[in-house]
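Written out below as structure tokens is the structure these notes cover.
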Amino acid sequence: MDPEDAPEQRQHLWRAAVKWPMYAVAVMPALVAAGWLLGPGHTAWRLQPRQLVLFLLAAVLLLAWENLCNDYFDAQTGIDIHKPHSLIQLTGAPGVVFVAAQLCFVSGLLLMVQVAVNSSWWLLVLVLVACCCGYLYQGPPFRLGYQGLGEPLCWLAFGPLATTAALVGLGAPALGSGGGGPLDPFLACQLGCGPALATTLVLFCSHFHQVDDDLAHGKRSPVQRLGTARAAALVPWFVIFALLAEAAPVIRGLWPSTALLSLVSLPVAVPLIRLLRRYHNQPEPVRHSKFLALRFQMANGVLFACGLALGGLTVSS
């Protein structure tokens, strides 16, 4: 490496380590819940903007805790040996990374406590269970991600659990005050299923470029188990089922037709599908497939939330 290029290269590695675009997965359950509260649920419930801001900040901090812990725990197994943008390798201080992770966790939890105080303590229970899913993914002695169970845990945490927590924390009865929003797991599953599938796709795509390292360190990811060709063939189905989950309640007349705005995100998934279909077994070309998946996740979630919110405006007019 040219010495003159070293600072620029190190900045690039730090940007890759921080992974700031990935925090879109943290905010999506709250945005979808806010869209519903502004839309088809606007007659019975109202959105509390201050609660939304606190919830979003807390969700980002809690995801930072999970990401920092994942780097720390992966360093213990040696699976990140070919990952120069690991925070452990960049800092050379695993203890500092671990302490920073716990500070993020405590800060995020304290913010969630504030949201719970102004809504319902059920929110804190749901958030803690979601955090447990995050720990089970990489934390010892469980490391369920090494058994190929990371994707189900991801869907559960960012789908029903986070969406239920967001509905409870962000909402309040339209008439009266206090009590929080609807504690309705069935509604949360309806709202969170599609966006959570899009979030799970991001995790699924993160395995394609590291199959050999995963195998060498005993990590049996779904991509490693299926083989890259069959795993790549599943990606279009992730997209289809995510969109169908968001469209089905509209077809049944439960949500306004504006929620179909999420279907506009379909073209955003096409480059990802094409990339993996052609280069699924070539680590370098597919290295950034998770960011293409993230682009779809962001577009899909934002359009879905906006579509839900626009339903309230059409009803009001």
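- Taking 4.5 Å as the limit, some side-chain heavy atom of Asn300 sits within range of a side-chain heavy atom of Leu243.
- Checking each of Val270, Val235, Val239 against Phe296 for a side-chain contact (heavy atoms from CB on, under 4.5 Å) leaves exactly one that passes, namely Val239.
- Residues Leu153 and Phe158 form no side-chain contact, since every pair of their non-hydrogen atoms from C-beta on lies 4.5 Å or further apart.
- Remark: the backbone N or O of Gln138 is paired with a side-chain donor or acceptor of Arg143 at under 3.5 angstrom.
- Here CG of Leu226 is found 10.5 Å from NE2 of His207. Values are rounded to the nearest 0.5 Å.
- Separation of atoms CG (Leu303) and CG (Leu266) is listed at 11.5 Å; rounding is to 0.5 Å.
- Using cut-offs of 30° and 60° on the angle between ring planes, the pair Phe291 and His288 is tilted.
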**OP:** Verify side chain to side chain contact (heavy atoms under 4.5 Å, CB included) between Glu66 and Asn70, making sure each step is shown before the conclusion.
**Re:** CA-CA 6 Å; Glu66 184 175 353; Asn70 285 348; 3.9 Å; yes
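- Enclosure of atom CH2 in Trp237 is not indicated, since only 12 or fewer non-hydrogen atoms of other residues, nucleotides or ligands lie within 6.0 angstrom.
- Looking at Arg225, its side chain does come within 3.5 Å of a backbone N or O of Arg220 through a donor-acceptor pair.
- The distance from the OG1 atom of Thr199 to the CZ atom of Phe238 is 11.5 Å, given to the nearest 0.5 Å.
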**OP:** Under the side chain to side chain contact (heavy atoms under 4.5 Å, CB included) rule, what do Val223 and Val211 come out as? Steps first, then yes or no, please.
**Re:** CA-CA 7 Å; Val223 174; Val211 171; 3.9 Å; yes
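- Side-chain contact between Val250 and Pro256 is absent, with no heavy-atom pair separated by less than 4.5 Å.
- Rounding to the nearest 0.5 Å places CG of Leu61 at 10.5 Å from CG of Leu103.
- In this structure, Phe204 and Phe208 have perpendicular ring planes: the angle between them is above 60°, well past the 30° mark.
- Using a 4.5 Å heavy-atom threshold, the side chains of Pro49 and Val53 count as separate.
- Cluster annotation: Leu109 is not connected to Val99 through the hydrophobic network of ILVMFWY side chains, with a link wherever side-chain heavy atoms come within less than 4.5 Å.
- Counting heavy atoms from C-beta on, the side chains of Leu191 and Leu308 come closer than 4.5 Å.
- Within the 4.5 Å cutoff, no side-chain heavy atoms of Leu275 are placed close to those of His280.
- Atom CD of Gln297 and atom CG of Leu197 lie 11.5 Å apart (nearest 0.5 Å).
- Residues Cys154 and Tyr137 have side chains not in contact (no heavy-atom distance under 4.5 Å, counting atoms from C-beta outward).
- The aromatic rings of Phe73 and Tyr135 sit perpendicular to each other, their planes meeting at more than 60°, with 30° as the lower class boundary.
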**OP:** Dump the intermediate steps for ring-ring contact (aromatic ring centres under 6.0 Å, His included) on Trp255 and Phe304, then the final yes or no.
**Re:** CA-CA 11 Å; Trp255 297 343; Phe304 184 47; 5.7 Å; yes
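- Of all heavy-atom pairs between Ala172 and Gln48, the closest is CB-NE2, 3.5 Å.
- Using a distance-only test at 3.5 Å, with no hydrogens or angles considered, no donor-acceptor pair links the side chain of Ser120 to the main chain of Leu123.
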Original post:
Going through the checks in order, is the side chain to side chain contact (heavy atoms under 4.5 Å, CB included) test met by Asp184 and Thr164?
Top reply: CA-CA 7 Å; Asp184 189 339; Thr164 305; over 6 Å; no
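- Judged by distance alone, with hydrogens and angles left aside, the side-chain atoms of Thr258 form a donor-acceptor pair with the main-chain N or O of Gly307 at under 3.5 Å.
- Contact between Leu170 and Ala33 at its shortest, heavy atoms only, is CD1-CB, 4.3 Å.
- Taking CH2 of Trp65 as the start and CG of Asn67 as the end, the distance is 10.5 Å to the nearest 0.5 Å.
- Of all non-hydrogen atoms in Gln102 and Cys69, the two that sit nearest each other are NE2-SG, 3.8 Å.
- In terms of modelled atom types and a separation under 3.5 Å, the side chain of Arg277 and the main chain of Ala232 share no donor-acceptor contact.
- Between the side chains of Glu151 and Thr200, no donor-acceptor pair of N or O atoms lies under 3.5 Å.
- At least one side-chain heavy atom of Asn118 sits under 4.5 Å from a side-chain heavy atom of Arg50.
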Subject >> Derivation of the side chain to side chain contact (heavy atoms under 4.5 Å, CB included) call for Met112 and Leu62 >> reply: CA-CA 10 Å; Met112 282 297 184; Leu62 291 175; 4.2 Å; yes
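- When all heavy atoms of Leu63 and Tyr23 are compared, the closest pair comes out as CD2-CD2, 3.7 Å.
- No single ILVMFWY cluster, assembled from side-chain heavy atoms under 4.5 Å apart, contains both Leu244 and Ile251.
- Taking every heavy atom of both residues into account, Cys193 and Trp155 meet most closely at O-NE1, 3.3 Å.
- Looking at every heavy atom in both residues, Ala165 comes nearest to Val127 through CB-CG2, 4.1 Å.
- The backbone N or O of Cys104 lies less than 3.5 Å from no partner atom in the side chain of Ser107, so there is not a single donor-acceptor pair.
- A side-chain donor-acceptor contact under 3.5 Å links Gln51 to the backbone of Val115.
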